[in-house]
Trainee: 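Pasting a structure below so you can have a look.
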Amino acid sequence: MKRYSAFALVREALNGHKGWERAWRNAQPKAHYDAIIIGAGGHGLATAYYLGKNFGITNVAILEKGWLGGGNTGRNTTIIRSNYLQDPSAAIYEKSRALYETLSQELNYNIMFSPRGVMMLAQTEHEVRGYRRTAHANALQGVSTEFISPRRVKELVPIIELNGPRYPVLGALWQDRAGTARHDAVAWGYARACSDMGMDIIQKCEVTGITREGGRVTGVQTTKGDIACDRLGIVVAGHSGVLAEMAGFRLPVESVALQALVSEPIKPCMDVVVMANTVHGYMSQSDKGEMVIGGGADGFNNYTQRGSFHHIEETVRALVETFPMISRLKMLRQWGGIVDMTGDRSPILSKTPIEGVFINCGWGTGGFKAIPGSGWGFAELMAKGTSPLTDPFSLNRFGEGRFIDESVAAGVAH
Amino acid sequence: MLILKCPYCGVMADETELSPGGEAHLTRHGPGSDDTEFEAYLFMRENPRGVHFERWRHAHGCGKWFHAARCTQTLEVFGTYSAQTTRPPQDLLDTISEKRPGWRWRDLA
Amino acid sequence: MSTRLATGGRLTDRSDRLEFTFNGKRLTGFAGDTLASALLANDQMLVGRSFKYHRPRGVVASGAEEPNALVNLGTGDRVEPNQRATTTELFHGLSATSQNHWPSLEHDIGALNGLVAPVLTAGFYYKMFIHPRPFWKHIYEPFIRQSAGLGRAPDPEARDPDTYEHVHAHVDVLVLGGGVAGLQAAHAAGAAGAQVLLLEQSPHLGGRAPVDGGTIDGQDPEAWVEATVAALKAMDNVDIRTRTMGAGIYDHGYVLGYERLNDHAPWLAGPRHRLWRIRAGQVVTATGAIERPLSFAGNDVPGVMLASAMRDYLVNYGVAAGDRTVVVTNNDDAYRTAIILKQAGLDVPAILDAREYGGGALAAEARALGIRVEQGRAIAKVQGGKRVTGVAICAQAGAGGLLEEIPCDAVAMSGGWSPVVHLWSHCGGKLLWDDAQAMFRPDPDRAPTGADGAPMLRVAGAANGFLRLGDTLRDAEAQGREAAAALGFTPGAGAAPAAEATEEAPLAPVWLMPQGARDDLRKKAWLDYQNDVKVSDVQLAAQEGFESVEHTKRYTTLGMATDQGKLSNINGLATLSRALGEEIPQVGTTTFRPPYTPISMGAIAGEAKGKLFQPIRKTPLHDWHEAHGAHWEPVGQWRRPYAYPQPGESVHDAVMREVTATRTGLGLLDASTLGKILVKGPDAGRFMDMMYTNMMSTLKPGRCRYGLMCSENGFLIDDGVVARIDDQTFLCHTTTGGADRIHAHMEEWLQTEWWDWQVYTANLTEQYAQIAVVGPKARAVLDKLGGMDLSAEALPFMGWAEGTLGGLPARVFRISFSGELSFEVAVPAHRGRALWERLHEAGAEFGATPYGTEALHIMRAEKGFIMIGDETDGTVIPQDLGLHWAISKKKDDYLGKRAQARSHMTDPDRWQLVGLETLEGGVLPDGAYAVAPGRNANGQRNTQGRVTSSYHSPTLGRGIAMGLVHKGPERMGEEIAFAMEDGETMMRARIVSPVFFDPDGEKQNV
Amino acid sequence: MSDALLPLGGAAFEGIVTIRETGPQGMIQLRGDLSDPGLAAAVEQASGAAMPAPLGAHVTGPRGLLWMSPDELMVLVPYADAARTVAELGRALGDRHALVADVSDARAHFTVEGAHLRDVLAKLTPADMRREALAPGTLRRTRLAQVAAGLWLRDPLTAQVFCFRSVAGYMFDLLSAAASEGSEVFHHRA
């Protein structure tokens, strides 16, 4: 693999960029793989990458129905933070955040991780208590986060209105090593690294069936033929239910549309990410200058990748109230993605009733920030059958009533 | 932005006048049920890409809960019906079979 | 140079001269001008800078597709960035500045980027800025961010003084687009009797037809438009709105309209923008087509313009983009521009027609006017920097070998037309590739479908791929009729008007000019003018394996600019397909997302700002609290007094004072927000037993009982006092936040599970004002009001009585959430203020003191009473809180019972409620965790409990807290350590009973 | 001492329509089997209005019946008569399974008057405000912006709006904003 660097760019510039190779090979399926990952989104590609890097399993295929990174990886608002309340969440999200810090160097691909800081506004006494509790929990979980004063909030975010007529800003939970990254680049960087390890990324290849023998997986049927495998990882976010049905088991998930929007690009005016959960809105400014805004999720099952407009309206209303200066900016584009919600709104990383089949789903609105940590833990689960990062997120927690509920703290939104 | 006909008051209700209530026709399992039944009742969901049966409440209206049969892929609404039933009306099932031959949902087809 | 001609301009009023400024320069234009036409009239060719290389940018189009002419509009609180000059109507005093340059538009340092352009290819930033790691955050990114963005950000403290609103409309047929197709479609549907709403984004109806010529029903198109509009306005069932754009189409016939009411006249009263939310039975989009640029070197130099745009400026505004204009085309339509320019007395040195076979009748007409027409020719490269100085000509077939140079100051280009299919695609409509016309057009067999599963959208005219006037009108008539017919209307006998337009020779697709353009030319052939994406960038993306059009878009940022690729998408797609050696349909097209053009955040938020942002619920006593200095706490949508600080008193001191006053004399609390739900019917008792964990059916009329409600998942969701009114009737009190939620919860179970049970519920919360009269003097003050016997005998603890209190009809509940002698008095809402004031008058001698929610919390904590939302957080079951006494063992079922039998819920290791007292008497931090030895598998500190409530108790003079601790109740007296927010400092506390005050309840039983 | 009978003390606003807080209005919530002739007789007796069909609003002056849901009516009587009517209804219904409650203080009432009333309401509700969808005599329960509300027309130029008492202030400000000068829409026909 040709290494990327400023020097390489200049060199290529001199010979008309004729020397750049494909970022990933255009592979055709082999007859058998040690492991197949269904879904070439961030989570799937990261899983494959760490299977190879941490466990030397490189005879791997990643099957993608459409084009890689085309699902929620390429449709989210790219927020990365780890100051979650519950231990299992804090563990996997902090692992993820830490991996993000060095991912550009690790992959030799600039994924533009920008630790600009993420702020969650406390606008009611209830939220203040919730975030203080989170700050206490984080201190013992090794997650650096702090509760800051309104004055500090205004210093960090000059465009904010502290004394809104409805909900004054009483403070905020602030994680300064949190931030954002370039979502497509995360998928492309992992894809390039996987391909370089000899793994096959097979796009436009839809899985149509999952073959089993005596309760064990033996392979998959696809639009590009049958492929055998020893282990199968299902990492397809919104379409988990459909794949699970093929494999012959049910999931405690429902797929709904989640929306986002961006404004036209303007000169930099907000360097941190702000989440205002009481009024349901969050906003950051991309390096291109667009205000990136996350909307709400529909309350009904939906596979259209189109959400209902009233969520956009509610979010924009909230943000105009929180950042009045955006009133005369314009919405450039809105879009939706399909996310899968579980019974406790926390993800599922688990073995399944079918031996050799593993499922990674249920990230709801919080998947992007978890990509490296999820891949790391899920790869360990697939390789060793257990992982401290993923074990608490097993399927059986619902039967036992052992939930991982983040809505407990005020910070509901991911 | 869905629009559904409330079978109780007959109003064509805008999505923002309704509140969604999740999967329809779940059988309540109380004390005495086994763990699997109970888990299935509370958490396991059909989540189909296609024909789905779900609950809605005409919250900003007559306040009644009702059922809707809807396609989750096209958002086509096959019909809405009373909440006081454990099974969709046969004529609705026939309509769906006409429009979506070979459809399945739990024990319905 | 670009100038205003002595005559012409069908849309401008030369008698009305308007003054405006651009970059501080005072300029003039005419009423009816757009900012773009006025700038051109003043020879302002250079209007902005591109995003990446800061290349000089001039006006290229005349409408919504404009990627270049973006300005900051307005000043102060009214600054609006990225406004398109081509759709901005000129008004007196308009002030605009150009964007994305420093120090000035003419001299922009950023243009240096152009020098290193060879390095700054598509996706260059993914390949560099990688080492050393800290540099990205501290050096690279800040640098990139500084160059980011286009428009100026409004001042941080800017407050938009304008208002916005929404409006809902329900119509049979919605027509989007007011060109001749839209008008004809609206006429057809209207004539059939359908209610029709037509939206046109511009201020003018008729679209391109009046500019493009031809005849309709033998008359000039403009005359026909006037007549047709008049006919439509005469129809009672047709509504036409100009300056209103169809912004987005959503499921079930939901369409967003964006009306700009006074952007063109800011002095008008009323809202600035209005967002239309339309439910349409059928939608007809007649959104026309957009001309495509041609991809040749230097096609981005100011002065290079779409041929149709140049025509628009001449005919509509009497403005010529140049004196000597070279026309380059692959179709006949561009000849119209040449002809009009020539007829206006302007010089057209040559028409370069890329087609070997040349043009048809229009070409002949051009020749007849003495214009030189070259076939099979192309532009090798445009000369000039900030404006065009000439063009180098080559053969289209070759690699760009120079044949001749022609001096000129403008270039009119036409690469053919692309139907505006955006709205069709918003809601899932699919496209098909029309090879003959080299365009994507809607596939009628894969239309967006509505709630009934039938097509809800049809497309008419040019937007449907019918570019010729006659075809356009025939299609529009048919679509309008079909739309009406689909809704059950019977179209009348009307027919499409006959139209005549010059016959045209077929277009020849030209995706690169010249066909085999050399490397150096491809690197200067722009696809996306705003984002600086060139032919060579797309080719590089293909080379690197970004084969999906979505990949290419994201890798090169093609079509991601504020114009969303209206000019660049098809050319980019064609370039990609050629690079991949695949057909265009195989490579596919990208999906279009709403809105069609950007719409203001203000319009989306509508009226909901300031006091209308969200409703504030007010109790009947709200104004009194306000007048008496209440420090408010939002509780749900309610505002409740947190405390009533007196002048010079801190909120904390006020809370302490309120607690003491209540414990020693008399406290008054506005409890009106507590939910009051009536449950009535023969099966009411049975129902209550399912709703509550307690046995409620055995409650005697006249008595009250504290009850707990759990979700079916076992968790505690609400609590409150239930009063049995009569044999069949219960009155359930809920928490403030609970009233609506719990009422809905009850109705859900009654309607969807136990529909055969005879029970009715009613939410009476707002019918009553409820006041808690609390403290040793509570009975005394009520006796002073008189009218009811509230003695311990007549009304024992946990009893209720109805009567008249001080002349007010009242219901009195003897319940206590403070441990004091306490009565809650409910009166009709409008009497609440009266009762409250009388209690204060009568209670003056007892030191009657209003207290707020914080004093309430402290007093309940002193008594060890749990608070929903403090001790509970959605993961706590009653068993965790030592509330077994409130969970009936006798009942075989209640909501949550089965859930509480699951392994994790019966786990003896669950954390349980205890009291906590610090060793030094200080206050434990709310939410602090108690540490346990060791770390877990993920390296996190182990914990063994947490603080759920913590206060300073003025009654006991020290800190008190409640918390959930591992096996807490078995560890009375044990000391455990709680970590502060630093995770290191510890505060030790002793595990004690949660009841800190009056454990035997002597104070309340008097 | 004040005895605020109306939440806003009869506030009024003059814009493209006239907004006026009205009342007090006697309101009795009745839940029961509306198909039961005995119940029908009782409510008709109490209100002096005929039993409405679904979505019906039979109102004359302060008296009338509003069809709220398949098992719920709102009985309108003069405010002063509410308590007495509740008692009478209770007697008339005998041991029928029904719920009768005086909710006269639980709501706020407004009239919206003028030729633009349909446009003004359409700014706030997703409900169809066209003549054919909301004629005098029809009740529509919906939302106005962010709160639940009920509305019906007394005549083509007068709409009656009611909402919960606690949001009276929000409703008044909302309606006033929708009626602000220069905000005519000219879409709905009166």
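Below, read A as the first sequence line, B as the second, and so on, with proteins coming before strands; counting in each chain starts at 1. Being a predicted model, the structure only gives us computed values, none of them experimental. All values below come from the heavy atoms of this structure, side chains included, with hydrogens, waters and symmetry mates left out.
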Trainee: Please look at D:Arg31 and chain C and tell me whether the side chain, the backbone, both or neither of the residue comes under 4.5 angstrom of a heavy atom of that chain.
Mentor: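 Both the backbone and the side chain of D:Arg31 come within 4.5 Å of chain C.
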
Trainee: Using a cut-off of under 4.5 Å for heavy-atom pairs, which of C:His622, C:Arg279, C:Glu607, C:Arg241 has the most such pairs with chain D?
Mentor: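 Answer, by heavy-atom pair count under 4.5 Å with chain D: C:Arg241.
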
Trainee: Under a 4.5 Å heavy-atom cutoff, which of D:Ile16, D:Val120, D:Asp102, D:Leu124 has the most pairs with chain C?
Mentor: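 Highest number of pairs under 4.5 Å: D:Asp102.
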
Trainee: If we ignore angles and hydrogens, is there a donor and acceptor under 3.5 Å between the side chains of C:Arg617 and C:Gln637?
Mentor: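 Note: C:Arg617 and C:Gln637 side chains miss the donor-acceptor criterion.
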
Trainee: Contact part of C:Val171 toward chain D, heavy-atom cut-off under 4.5 Å: side chain, backbone, both or neither?
Mentor: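 Both backbone and side chain of C:Val171 come within 4.5 Å of chain D.
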
Trainee: So do the side chains of D:Trp152 and D:Val161 get within less than 4.5 Å of each other, counting heavy atoms only?
Mentor: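 Result no, sub-4.5 Å side-chain heavy-atom pair not found.
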
Trainee: Can a side-chain donor-acceptor contact be found between C:His743 and C:Thr761 if the only test is distance below 3.5 angstrom?
Mentor: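 Distance-only check passes for C:Thr761 and C:His743.
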
Trainee: With a 4.5 angstrom heavy-atom cut-off, which part of C:Arg274 approaches chain D: side chain, backbone, both or neither?
Mentor: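 Contact with chain D: side chain only.
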
Trainee: Give, as side chain, backbone, both or neither, the part of C:Gln195 having an atom under 4.5 angstrom from any heavy atom of chain D.
Mentor: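 Interface part for C:Gln195: side chain.
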
Trainee: Quick check on C:Gln758 against chain D: is it the side chain, the backbone, both or neither that has a heavy atom closer than 4.5 Å?
Mentor: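 Answer is both: backbone and side chain atoms of C:Gln758 are under 4.5 Å from chain D.
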
Trainee: With a 4.5 Å cut-off on heavy-atom pairs, point out which of D:Glu184, D:Arg118, D:Arg189, D:Met27 contacts chain C the most.
Mentor: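 Result: the option with the highest number of such pairs is D:Arg189.
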
Trainee: Select one option (side chain, backbone, both, neither) describing which atoms of C:Ser672 are under 4.5 Å from chain D's heavy atoms.
Mentor: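 Neither; nothing under 4.5 Å.
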
Trainee: Would you say D:Thr125 and D:Thr142 are linked by a side-chain donor-acceptor pair, where the criterion is simply a distance under 3.5 Å?
Mentor: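 Short answer, yes.
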
Trainee: Please flag which part of D:Gln29 lies under 4.5 Å from any non-hydrogen atom of chain C: side chain, backbone, both or neither.
Mentor: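 Only the side chain of D:Gln29 comes within 4.5 Å of chain C.
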
Trainee: Find the one option among D:His97, D:Gln146, D:Glu181 whose heavy-atom pairs under 4.5 Å with chain C are most numerous.
Mentor: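 Most pairs with chain C among the choices: D:His97.
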
Trainee: Identify which part of C:Asn262 has an atom lying under 4.5 Å from any heavy atom of chain D, answering side chain, backbone, both or neither.
Mentor: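 For C:Asn262, no heavy atom lies under 4.5 Å from chain D.
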
Trainee: Given a strict heavy-atom distance threshold of 4.5 Å, which part of C:Trp276 is in contact with chain D: side chain, backbone, both, or neither?
Mentor: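 C:Trp276 touches chain D through side-chain heavy atoms alone.
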
Trainee: Side chain, backbone, both or neither: which part of C:Tyr254 has a non-hydrogen atom closer than 4.5 Å to chain D?
Mentor: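 Looking at C:Tyr254, nothing touches chain D.
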
Trainee: Select one option (side chain, backbone, both, neither) describing which atoms of D:Ala83 are under 4.5 Å from chain C's heavy atoms.
Mentor: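 No part of D:Ala83 comes within 4.5 Å of chain C.
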
Trainee: Less than 3.5 Å apart, any donor N or O on the side chain of C:His625 or C:Asp670 sitting next to an acceptor on the other?
Mentor: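 Note: C:His625 and C:Asp670 side chains meet the donor-acceptor criterion.
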
Trainee: Specify which of D:Gly169, D:Ala177, D:Pro24, D:Ala127 makes the most heavy-atom pairs with chain C at under 4.5 Å.
Mentor: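 The residue among D:Gly169, D:Ala177, D:Pro24, D:Ala127 with the greatest pair count is D:Ala127.
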
Trainee: Will you find, in the side chains of D:His187 and C:Asp239, an N or O donor that is under 3.5 Å from an N or O acceptor?
Mentor: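 Judged by distance alone, the side chains do pair up.
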
Trainee: With a 3.5 Å cut-off and no angle check, do the side chains of D:Ser166 and C:Glu766 form a donor-acceptor pair?
Mentor: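 A pair is found: one side chain offers a donor N or O, the other an acceptor, under 3.5 Å apart.
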
Trainee: Using side-chain heavy atoms (C-beta onward) and a distance below 4.5 Å, is C:Leu750 in contact with C:Phe687?
Mentor: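 Answer yes - side chains close enough.
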
Trainee: With no hydrogens and no angle check, do the side chains of C:Glu165 and D:Ser180 hold a donor and an acceptor under 3.5 Å apart?
Mentor: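 The answer is no; no qualifying pair exists.
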
Trainee: Between C:Leu197 and chain D, with a heavy-atom cut-off of 4.5 Å, which part of the residue counts as in contact: side chain, backbone, both or neither?
Mentor: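 Contact with chain D involves the side chain of C:Leu197 alone.
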
Trainee: Quick one: which of C:Asn763, C:Asp236, C:Leu261 has the most heavy-atom pairs under 4.5 Å with chain D, could you say?
Mentor: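 Of C:Asn763, C:Asp236, C:Leu261, C:Asp236 has the most heavy-atom pairs under 4.5 Å with chain D.
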
Trainee: Go through C:His273 and C:Asp263 one step at a time and tell me if the side chain to side chain donor-acceptor pair (under 3.5 Å) criterion holds.
Mentor: CA-CA 8 Å; C:His273 297 157; C:Asp263 278 349; 2.8 Å; yes

Trainee: Is the closest side-chain donor-acceptor distance between C:Thr752 and C:Glu748 under 3.5 Å?
Mentor: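 Their side chains do not contain a donor-acceptor pair, so the 3.5 Å distance test is not met.
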
Trainee: Among the options D:Ser104, D:Pro126, D:Ala101, pick out the one with the most heavy-atom pairs lying under 4.5 Å from chain C.
Mentor: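 The option with the most such pairs is D:Pro126.
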
Trainee: Tell me, do C:Val825 and C:Leu808 make a side-chain contact under 4.5 Å, heavy atoms counted?
Mentor: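 A side-chain contact is absent here, since even the closest heavy-atom pair is not under 4.5 Å.
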
Trainee: Heavy-atom cut-off 4.5 Å, strictly under: side chain, backbone, both or neither for C:Trp638 against chain D?
Mentor: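 The answer is the side chain of C:Trp638.
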
Trainee: Where does D:Val147 contact chain C at under 4.5 Å (heavy atoms): side chain, backbone, both or neither?
Mentor: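 The side chain, not the backbone.
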
Trainee: Is C:Leu764 in contact with chain D via its backbone, its side chain, both, or neither, using a 4.5 Å heavy-atom distance?
Mentor: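 Only the side chain of C:Leu764 comes within 4.5 Å of chain D.
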
Trainee: Going by atom types alone, do D:Asp173 and D:Ser176 pair a side-chain donor with an acceptor below 3.5 Å?
Mentor: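 Not at all, the side chains of D:Asp173 and D:Ser176 share no donor-acceptor pair under 3.5 Å.
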
